[in-house]
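For reference, the structure discussed in these notes is given below.
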Amino acid sequence: MKRHLLLALALATSLTAAPLSFDFKDPKGVNAIQFHLDSLLEPISGTASGVIGTVAFDPANPAATAGKITVATKSLVVSNATMTEHLQSPMWLDVAANPEIVFELTSLANVATTGNTTSATASGKFSLKGVTKEISVPVKLTHLAGAYGKRLNKPELGGDLLVIRGEFTINRGDYGIQPGKNEDKVNPEVKLILAIVGGAPKA
Amino acid sequence: MTTPASAPFPLRRLARVLGLVVLLGTGGFWAAKGAHPGWSQNRVPHPQVDEITGIEYVTYEDRFVPGVEVLAAGLGLAAGLFAVSFLFNRNQPARTQ
């Protein structure tokens, strides 16, 4: 009888549990968006590490996931200092006028969960260089229950982690980045690779 | 009249030797710094993996790695010195005493 009561209580708790809010300002500084584009001589590859944002995720209802991820434009760097200057200049990303790159998740479709990993198509508003477009991106969300404190070498903290992975391609011209220009030198298609982790400390 | 031991070094030969030094020096510097076949790097990316999440991320080491444009500049300078060497007479001395 007692076992049934506990089970019912647990079920009721899980049904009424609010989604967890995951903070993507990573204390270990791991979060970054990687970008790659073909160019003369060698591909241009770099990272943008200034990732912040929150995502509300309910392990019992991943389809209801919502949130917003922001990347500081000035955090975009490549290995070559001159290329980084060009990338951040008004001719390309215009960091001064466009300090943020934003993806606002509005819905998840084709949701399939296996174990602690959910695959889905994330739709939302992607803003880059002052242009906002609706895009759909295949993503994988991995919920690591109880791993927040463990990752910080403080297991007593408890808490969960949410890892979001995704890979998609945009056309730089669609976002006003040298549209139709220098396409023989720098490919108009930019591949973006997202691998970020958010933490939800135990309340 | 100069003796063979103290004969002035012809400018033509000097320019060519300098060109060779520039060519070998640039090539050696490029090779010693990793023979990077792309553009020069001011920061070198190092892929890392976060232990708990498995996320692959990149850290950068502030270090200069010369790229092919450094090699090309050295080659160009060496070629320039070689070309300039033809402006001098075969026996024109580098300096007169």
Side-chain angles (χ1 to χ4, degrees), chain A residues 22 24 26-36 39-49 51 75 77-86 116-117 140-153 155 159-167 185 193-199, chain B residues 15-16 18-85:
Chain A
F22 290 88
F24 281 78
D26 183 34
K28 292 186 80 174
V30 160
N31 283 348
I33 313 295
Q34 293 184 36
F35 59 91
H36 304 277
S39 176
L40 285 179
L41 190 62
E42 65 176 348
I44 298 171
S45 297
T47 57
S49 57
V51 177
S75 70
V77 292
V78 295
S79 294
N80 183 289
T82 306
M83 279 188 197
T84 301
E85 276 177 30
H86 286 170
N116 64 347
T117 301
K140 271 191 178 176
L141 297 92
T142 305
H143 178 230
L144 301 172
Y148 176 81
K150 190 179 165 190
R151 183 164 178 261
L152 299 176
N153 291 322
D160 298 355
L161 293 175
L162 180 68
V163 179
I164 302 178
R165 296 174 195 274
E167 198 174 306
K185 295 174 188 160
I193 300 171
L194 175 80
I196 54 176
V197 58
Chain B
R16 289 179 183 181
L18 269 176
L20 189 64
V21 167
V22 167
L23 184 66
L24 293 177
T26 311
F29 176 64
W30 177 77
K33 289 283 186 178
H36 181 57
W39 302 114
S40 292
Q41 296 180 330
N42 301 82
R43 52 176 80 88
V44 180
H46 294 293
Q48 314 272 350
V49 177
D50 183 58
E51 199 178 319
I52 301 289
T53 61
I55 287 177
E56 290 179 8
Y57 64 104
V58 176
T59 57
Y60 291 96
E61 178 194 357
D62 285 332
R63 177 163 59 90
F64 180 72
V65 177
V68 290
E69 79 274 26
V70 172
L71 200 62
L75 186 65
L77 186 58
L81 284 165
F82 187 75
V84 163
S85 74

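Since the structure is predicted, the reported quantities are computational estimates derived from the model, not experimental observations. Residue numbering restarts at 1 for every chain, and letters A, B, ... go by the order of the sequence lines.
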task = Side chain from CB out, backbone as N, CA, C, O: work out which of these in B/Val65 comes under 4.5 Å of a heavy atom of chain A, or both, or neither.
result =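 Neither part.
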
From [X] atom [atom1] to [Y] atom [atom2], the distance as rounded to the nearest 0.5 Å:
X	Y	atom1	atom2	result
A/Arg151	B/Glu51	CZ	CD	10.5 Å
A/Leu161	B/Asp50	CG	CG	8.5 Å
A/Asp26	B/Ile55	CG	CD1	7.5 Å
A/Met83	B/Asn42	CE	CG	10.0 Å

Might you point out which heavy atoms bring [X] and [Y] nearest each other, and give the distance in Å?
X	Y	answer
A/Leu40	B/Trp39	O-NE1, 3.6 Å
B/Tyr57	A/Val30	CB-O, 3.5 Å
A/Leu144	B/Ile52	CD1-O, 4.1 Å

request  = Could you give me the CA-CA distance, side-chain angles and deciding distance for A/Val78 and B/Arg43, then say whether side chain to side chain contact (heavy atoms under 4.5 Å, CB included) is met?
outcome  = CA-CA 8 Å; A/Val78 295; B/Arg43 52 176 80 88; 5.7 Å; no

Against chain B, label [X] side chain, backbone, both or neither, depending on which of its atoms sit under 4.5 Å from a heavy atom there.
X	value
A/Thr84	side chain
A/Ile193	neither
A/Ala81	both

query = Quick check: are there more than 12 heavy atoms from other residues, nucleotides or ligands sitting under 6.0 Å from NZ of A/Lys140?
reply =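 Atom NZ in A/Lys140 is not packed in, count stays at 12 or less.
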
query = If we only count heavy atoms from C-beta on, is the B/Tyr60 to A/Ser79 side-chain gap below 4.5 Å?
reply =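 Answer yes - side chains close enough.
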
query = Does some side-chain heavy atom of B/His36 sit less than 4.5 Å from a side-chain heavy atom of A/Glu42?
reply = yes

query = Most heavy-atom pairs under 4.5 angstrom with chain A, which of B/Pro37, B/Pro45, B/Gly38?
reply = B/Gly38

message = For the backbone of B/Gln41 and the side chain of A/Asn80, can you confirm whether one donor and one acceptor N or O come within less than 3.5 Å of each other?
response = no

